[in-house]
Amino acid sequence: ESTEKSYNAQYGGGIYVLGSNLNLSGGTIRDFTVSDCGGGIYLGSDGKLTMSGGVLMDCKAENNGGGIYFNGTQASMTGGSISSCEAKINGGGIYALSGICNIGGNALIESCTAEGDMISSEETGELVIWDGGGGIFAAPEAVVYLEGGRITGCIAAAFGGGIFSYGTVFCSGGEIDQC
């Protein structure tokens, strides 16, 4: 029996988008595992995502973005769900590297996990690695607008069960609970 892991892809197990638009209004993307980023969906440079429905479920990334890895211009999630997705480092549900990410309406991010770590310098004791974002991870170049929706039951081994942000987060609605 082989103990070697099997991967569906390196990036974007279900869908890989580069320089174009993805409109997701229904259907299911589930049970994908990638060796790098974007277990369910990888949205690359100049890409736009509009998610008004559909389900991303049980997707995993060995690095970042268990459900969605976002390095595009704009991602908007006003419906649908990201459930039980997992990242070995950051962003169990969504990893936003850059661009604008809007969460609103009845969007649901639930039971997602980021397994990343926190590591301190042996010399100074200061933290040198800050991982997290069970629901959402926002990198320095990302802007997240939480205008509605719900992030629930998400877990980070280190920081930010619901949201971990190096970037900018504006909260004007929505709900984060049981994270």
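Numbering starts at 1 and runs along the sequence shown.
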Between the side chain of [X] and the main-chain N/O of [Y], is any donor-acceptor distance below 3.5 Å?
X	Y	value
Thr113	Gly134	no
Asn71	Ser45	no
Asn64	Asn90	yes

Query raised in the report: More than 12 non-hydrogen atoms from neighbouring residues, nucleotides or ligands closer than 6.0 Å to CD on Glu175, yes or no?
Result: yes
Hydrophobic cluster membership, with links at side-chain heavy-atom distances under 4.5 Å among I/L/V/M/F/W/Y: are [X] and [Y] in one?
X	Y	answer
Tyr166	Ile151	no
Ile68	Val169	yes
Phe70	Val144	yes
Phe32	Leu22	yes
Ile109	Phe159	no

Any non-hydrogen side-chain atom of [X] less than 4.5 Å from a side-chain atom of [Y]?
X	Y	value
Leu146	Ile163	yes
Ile94	Ile103	yes
Leu24	Leu56	yes
Asp177	Arg150	yes
Asn23	Ser25	no
Asn102	Glu147	yes
Val17	Leu49	no

**Report entry** Name of the residue among Tyr42, Tyr11, Tyr7 meeting side chain to side chain donor-acceptor pair (under 3.5 Å) with Asp36
**Finding:** Tyr11
Gap separating the [atom1] atom of [X] from the [atom2] atom of [Y], nearest 0.5 angstrom:
X	Y	atom1	atom2	result
Ile136	Cys101	CD1	SG	5.5 Å
Asp58	Cys85	CG	SG	7.0 Å
Glu110	Gln178	CD	CD	11.0 Å
Trp130	Phe137	CH2	CZ	11.5 Å

Nearest atoms (heavy-atom pairs only) where [X] meets [Y]:
X	Y	answer
Gly39	Cys59	C-CB, 3.7 Å
Ala87	Gly66	CB-N, 3.8 Å
Leu108	Met77	O-CE, 3.5 Å
Gly14	Ile29	CA-CG2, 4.0 Å
Gly153	Cys179	N-SG, 3.9 Å
Gly92	Cys112	C-CB, 3.8 Å

Query raised in the report: Do the charged groups of Glu62 and Lys88 touch, with an N to O distance under 4.0 Å?
Result: no
Report task. Check step by step if side chain to side chain contact (heavy atoms under 4.5 Å, CB included) holds for Ile41 and Met51. Result -> CA-CA 11 Å; Ile41 297 172; Met51 184 173 175; 5.7 Å; no
Report task. Verify the distance criterion only: is there a donor paired with an acceptor across the side chains of Gln10 and Ser35 at less than 3.5 Å? Result -> no
